[in-house]
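Structure record follows, encoded as structure tokens.
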Amino acid sequence: MSFPLLTATAALPAVGAVATAAVPAAQRTAAKWLALLVSLATLALAIVVLVRFDPDGARYQLTESHAWIKDFGVRYELGVDGIGVALVALTALLIPFIVLAGWHDADPLETGSHRWRPTQGFFALILAVEAMVIISFEATDVFLFYIFFEAMLIPMYFLIGGFGDRAHEHGEEVASTQRSYAAVKFLLYNLVGGLIMLAAVIGLYVVAGNFSLPEIAQARANGSLHMATNTERWLFLGFFFAFAVKAPLWPLHTWLPNAMGEATTPVAVLITAVVDKVGTFAMLRFCLQLFPEASKWATPAILVLSLISIVYGALLAVGQRDIKRLVAYASISHFGFIIMGIFAMTTQGQSGATLYMVNHGISTAALMLVAGFLISRRGSRLIADYGGVQKVAPVLAGTFLIGGLATLSLPGLAPFVSEFLVLVGTFTRYPAIGIIATFGIVLAALYTLVLYQRTMTGPVKPEVSAMPDLRARELVVVAPLVVLLIFLGVYPKPVTDIVNPAVKQTLSDVHKTDPKPEVEAAK
């Protein structure tokens with residue numbers, strides 16, 4: 001029996017979470033180092049998965065299948081395609097940086113305070129989320145996916161509500177209330193989406209008789225499983241609603257700014273760069289494969305919602321006074337691009353959307369983590385409280401600028417390639433949608449450059465005059481992300497070579513081909 005590599009990749013952070021939580025209360029530093037070592041070991045396993053994956057091989061590779069709940073046809077089935085393996089690698093890559101960035105976020109509060117934060121619990125919860133996200137990217141049994149899709153809400157709820165941002169201008173009591181509100185809102189939105197999905201999962205079992213994604217997709221492809229049109233559409237809507245909440249897609253997005261604003265910066269990165277990717281990934285893996293005809297039926301409405309997300313998110317980002325909420329609304333706009341690329345139903349669009357998931361994770365992590373280092377120095381999230389930072393902390397300002405330029409998809413940085421592919425893929429089939437979506441790029445340049453100008457340039461404000469530059473630990477967090485943004489901006493081929501075969505198979509599932517260019521016949 002071959003080594004269960006996919007199980008090990010998800011089980012290692014799960015075991016690490018238990019071990020970290022069990023570290024004695026006085027050994028906070030030991031808990032931090034244990035969490036970091038576990039996250040690095042998980043990254044090593046993810047690299048092995050990536051190396052062993054053959055883009056030109058079978059659709060699902062490194063598969064594992066074991067009976068679980070026989071009476072209901074539930075199996076423990078894992079497998080990765082090109083899209084899944086890329087997102088497993090992204091998750092494993094970002095968690096060590098998140099752990100390092102949050103090194104002191106759960107330390108005891110200021111001297112004289114009797115309130116303590118459970119450091120071990122903070123890092124254990126991060127590892128638990130990593131385990132659940134990774135197995136969500138690997139699961140090929142619909143019921144197994146659903147369990148971890150929902151279970152990750154529990155540690156995320158405690159990370160948001162129990163470990164909030166200390167930089168709050170209204171005091172600890174108000175901050176605690178707002179953290180609780182943000183955590184409950186996050187939980188309720190995603191729980192409602194999950195309950196609707198559960199009804200759809202049960203309906204799928206009634207129709208198909210099992211939960212195996214490859215078996216159901218194959219039966220649909222060869223015609224041995226037929227769904228009535230209305231049944232397929234209702235089931236699709238049940239799945240899509242849950243994924244649209246997680247993504248998040250307008251108008252189901254309102255939990256994200258609250259959650260990112262009130263969470264610690266590393267947890268905010270965990271939300272938007274890691275957890276939210278499960279929603280867009282699941283649209284590709286489950287919605288399009290299980291319900292191809294319903295996916296095509298819903299495409300016009302989803303494209304309109306995506307377009308609204310792009311423009312609406314960017315417009316609200318322009319008007320934000322809070323740095324973290326600005327990044328949250330920018331992410332809503334970016335997720336609009338990702339979903340638009342998925343449902344453009346073209347090779348360029350879906351390749352761009354998958355690449356965008358990876359690039360957005362890296363660019364948002366870079367920008368948000370540097371913003372967090374900035375906020376921790378000044379003790380404020382308000383843009384107006386900064387000015388002239390580049391004169392006193394040039395390295396911090398420089399990395400902040402690179403993260404911002406990546407957010408606005410500057411050519412030469414990683415997000416540009418993915419955003420360009422999404423727009424090209426959308427324009428070839430829906431030119432009006434593609435043209436309007438380009439306004440999101442203009443607005444991104446506006447909110448990013450205005451943010452940099454107001455915080456980093458101009459006269460040095462007295463409150464930031466003694467601000468230290470990035471320290472060694474912070475440089476270790478940011479520098480690799482900056483290198484990746486530049487490398488993938490110049491040479492995205494390593495990622496596109498992995499995801500393109502999976503994208504072509506997904507398009508085949510929905511019986512779509514790229515539209516032929518309209519060329520005027522030669523006279």
Side-chain angles (χ1 to χ4, degrees), residues 4-13 42-43 45-65 75-95 129-149 152 211-218 239 243 246-247 273-290 338-339 341-342 350-362 418 494-509:
L5 190 55
L6 297 185
T7 293
T9 309
L12 181 57
T42 304
L43 175 58
L45 280 177
I47 292 172
V48 175
V49 171
L50 193 61
V51 170
R52 291 190 57 185
F53 182 82
D54 179 9
D56 298 319
R59 180 168 193 171
Y60 295 109
Q61 299 179 32
L62 306 174
T63 55
E64 302 171 30
S65 182
R75 297 185 64 81
Y76 176 80
E77 282 191 349
L78 304 181
V80 286
D81 60 1
I83 300 168
V85 78
L87 293 175
V88 167
L90 172 69
T91 302
L93 172 71
L94 291 180
I95 295 299
V129 172
E130 178 183 23
M132 293 176 185
V133 169
I134 287 176
I135 205 167
S136 297
F137 291 141
E138 297 173 344
T140 56
D141 182 277
V142 176
F143 192 79
L144 178 66
F145 168 84
Y146 172 78
I147 288 175
F148 289 98
F149 180 81
M152 70 180 71
F211 293 105
S212 174
L213 172 64
E215 290 183 17
I216 297 173
Q218 181 61 34
F239 277 75
F243 303 152
K246 185 84 77 180
V274 177
V275 172
D276 287 355
K277 300 298 186 300
V278 178
T280 48
F281 163 80
M283 292 177 189
L284 277 165
R285 171 165 280 190
F286 295 101
C287 286
L288 269 60
Q289 287 192 54
L290 294 174
I338 294 171
I339 297 170
I342 292 171
Q350 291 192 355
S351 293
T354 305
L355 187 60
Y356 212 144
M357 291 185 221
V358 175
N359 292 339
H360 173 266
I362 298 170
S418 44
V495 181
T496 56
D497 283 350
I498 292 173
V499 304
N500 282 346
V503 165
K504 291 177 181 177
Q505 290 171 324
T506 303
L507 279 177
S508 176
D509 291 333

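Note that the coordinates shown come from a computational prediction; the quantities given were computed from them, not determined experimentally.
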Assess the residue pair Phe239 and Val142 against the criterion (side chain to side chain contact (heavy atoms under 4.5 Å, CB included)); give the C-alpha distance rounded to whole Å, side-chain angles, the decisive distance to 0.1 Å, and a yes or no.
CA-CA 11 Å; Phe239 277 75; Val142 176; 3.9 Å; yes
Using a 4.5 Å cut-off on heavy atoms from C-beta on, say whether the side chain of [Y] contacts that of [X].
X      : Y      : result
Thr91  : Thr42  : no
Glu138 : Thr9   : yes
Asp141 : Leu213 : no
Arg285 : Phe137 : no
Phe281 : Asp276 : no
Thr140 : Leu78  : no
Gln350 : Leu288 : yes
Pro214 : Tyr60  : yes

Dump the intermediate steps for side chain to side chain contact (heavy atoms under 4.5 Å, CB included) on Met152 and Val133, then the final yes or no.
CA-CA 7 Å; Met152 70 180 71; Val133 169; 4.1 Å; yes
To check you understand the geometry: which heavy-atom pair defines the closest contact between [X] and [Y], and what is its length?
X      : Y      : result
Ala8   : Leu45  : O-CD1, 3.7 Å
Pro13  : Glu130 : CB-OE1, 3.5 Å
Gly82  : Val499 : O-CG1, 3.8 Å
Ala10  : Ala131 : O-CB, 3.3 Å
Gly361 : Ala273 : O-CB, 3.6 Å

Please check if the side chain of Gln289 supplies one atom and the backbone of Thr506 the other of a donor-acceptor pair under 3.5 Å.
no
Test item: Arg52 side-chain N/O and Leu5 main-chain N/O as donor-acceptor pair under 3.5 Å
no
Flag for Tyr356-Thr280: side-chain donor and acceptor within less than 3.5 Å:
no
Could you grab the distance from atom [atom1] of [X] to atom [atom2] of [Y], nearest 0.5 Å is fine?
X      : Y      : atom1 : atom2 : value
Leu43  : Ile95  : CG    : CD1   : 10.5 Å
Leu507 : Ser351 : CG    : OG    : 8.0 Å
Ile338 : Thr354 : CD1   : OG1   : 9.0 Å

Before giving the answer on side chain to side chain contact (heavy atoms under 4.5 Å, CB included), spell out for Thr7 and Ile135 the whole-Å C-alpha distance, their side-chain angles and the decisive distance to 0.1 Å.
CA-CA 8 Å; Thr7 293; Ile135 205 167; over 6 Å; no
Is the centre of the Tyr146 ring less than 6.0 Å from the centre of the Phe211 ring?
no
For Phe145 and Phe243, take the angle between the two ring planes, folded into 0 to 90°, and tell me which bin it lands in: parallel under 30, tilted 30 to 60, perpendicular over 60.
perpendicular
In terms of heavy-atom contacts, does CZ of Phe53 have more than 12 from other residues, nucleotides or ligands at under 6.0 Å?
yes
Of Gln218, Glu77, Arg75, which is the lone residue that meets side-chain hydrogen bond (donor to acceptor under 3.5 Å, both in side chains) with Ser212?
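Only one option passes, and that is Glu77.
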Applying side chain to side chain contact (heavy atoms under 4.5 Å, CB included), run through Leu284 and Met357 and close with a yes or a no.
CA-CA 12 Å; Leu284 277 165; Met357 291 185 221; 3.7 Å; yes
